[in-house]
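The structure under discussion appears below in the form of C-alpha cells.
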Amino acid sequence: MTDVTLYTKNNCPLCDDAEEALRALEKKWELSIKKMNIYENDALLERYHLRIPVVKVNGEVIVEGIVDEHNLNEAFEKMFQNK
C-alpha cells in the first residue's frame, strides 16, 4: 500500500474533485488515502491555504491545485517507474 495524504478544507469543490480522482485510482495503485483538513492545524493552513487541494506521497507533493485522474495517474506512473 502507498500512503497518500490529501490536504483539503470544507466547501472546496476542487478538493472534492481531487478526492474523487484519488478514489477512482485507489485500487489500481493500492492507495491508502488520508484526508487532512488544513483548518484543523495552523501550520498546515499556513503552508497550504492557497495551494489546496494538495496530494502528498512519502513527504513529497505530487499534484496540487487542479487534481484529476489524468495528472494523478501520470504522477503515480512516474513515481513507481523510479522504484
Side-chain angles (χ1 to χ4, degrees):
M1 285 293 232
T2 300
D3 292 326
V4 176
T5 303
L6 172 61
Y7 294 97
T8 184
K9 69 176 187 173
N10 294 332
N11 301 315
C12 172
L14 289 176
C15 300
D16 296 340
D17 292 346
E19 182 178 12
E20 193 174 300
L22 278 169
R23 297 287 177 203
L25 296 172
E26 189 171 15
K27 288 183 182 174
K28 175 181 180 179
W29 294 106
E30 298 180 357
L31 307 177
S32 174
I33 302 165
K34 177 181 178 184
K35 284 176 56 175
M36 297 284 296
N37 183 333
I38 63 169
Y39 280 90
E40 294 176 0
N41 178 302
D42 290 340
L44 294 178
L45 180 60
E46 186 174 321
R47 182 177 300 137
Y48 297 121
H49 105 277
L50 294 177
R51 298 170 55 193
I52 62 165
V54 174
V55 178
K56 204 177 218 185
V57 178
N58 298 327
E60 180 183 340
V61 173
I62 63 166
V63 184
E64 63 182 78
I66 304 297
V67 179
D68 60 24
E69 281 185 58
H70 177 75
N71 58 23
L72 279 171
N73 216 27
E74 282 185 343
F76 287 127
E77 284 174 359
K78 186 182 288 186
M79 186 174 40
F80 289 116
Q81 260 181 351
N82 295 330
K83 285 189 174 188

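What you are looking at is a predicted structure, and each value in this text was computed from that prediction instead of being measured.
Using a 4.5 Å cut-off between side-chain heavy atoms of Ile, Leu, Val, Met, Phe, Trp and Tyr, with links allowed through other members, V54 and L45 fall into the same hydrophobic cluster. Tracing side-chain contacts under 4.5 Å through hydrophobic residues (I, L, V, M, F, W, Y), one never reaches Y39 starting from L50; they form parts of separate clusters. Residues V61 and F80 are members of separate hydrophobic clusters, defined by side-chain heavy-atom contacts under 4.5 angstrom among Ile, Leu, Val, Met, Phe, Trp and Tyr. When hydrophobic clusters are built by joining Ile, Leu, Val, Met, Phe, Trp and Tyr residues whose side-chain heavy atoms come closer than 4.5 Å, directly or via intermediates, M36 is not grouped with V67.
Residues W29 and L72 are not in side-chain contact: their nearest non-hydrogen atoms beyond the backbone lie 4.5 Å or more apart. A heavy-atom distance below 4.5 Å is found between the side chains of H49 and I38. Under the 4.5 Å side-chain criterion, counting only non-hydrogen atoms from C-beta, I52 is in contact with K9. Under the 4.5 Å side-chain criterion, counting only non-hydrogen atoms from C-beta, P53 is not in contact with T8. Under the 4.5 Å side-chain criterion, counting only non-hydrogen atoms from C-beta, L14 is in contact with I66. Put simply, the side chain of V55 reaches to within 4.5 Å of the side chain of V4, judged on heavy atoms. You'll find the side chain of V57 reaches within 4.5 Å of the side chain of F76, heavy atoms only.
Atom NZ in K56 sits 11.0 Å away from atom NZ in K34 (nearest 0.5 Å). The distance from atom OH of Y48 to atom CD of E64, rounded to the nearest 0.5 Å, is 8.5 Å.
Scanning all heavy atoms of the two residues, the minimum distance from A43 to N41 falls at N-OD1, 2.9 Å. Nearest heavy-atom pair across L25 and E69 is CD1-O, 3.7 Å.
Salt-bridge formation is not detected for the pair K78/E74: no Lys NZ or Arg NE/NH1/NH2 atom is positioned less than 4.0 Å from an Asp or Glu carboxylate oxygen. Under the 4.0 Å criterion applied to side-chain N and carboxylate O atoms, E20 and R23 are not assigned as salt-bridge partners.
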Between D17 and D68, does the side chain to side chain contact (heavy atoms under 4.5 Å, CB included) criterion hold? Intermediate values first, please. CA-CA 7 Å; D17 292 346; D68 60 24; over 6 Å; no
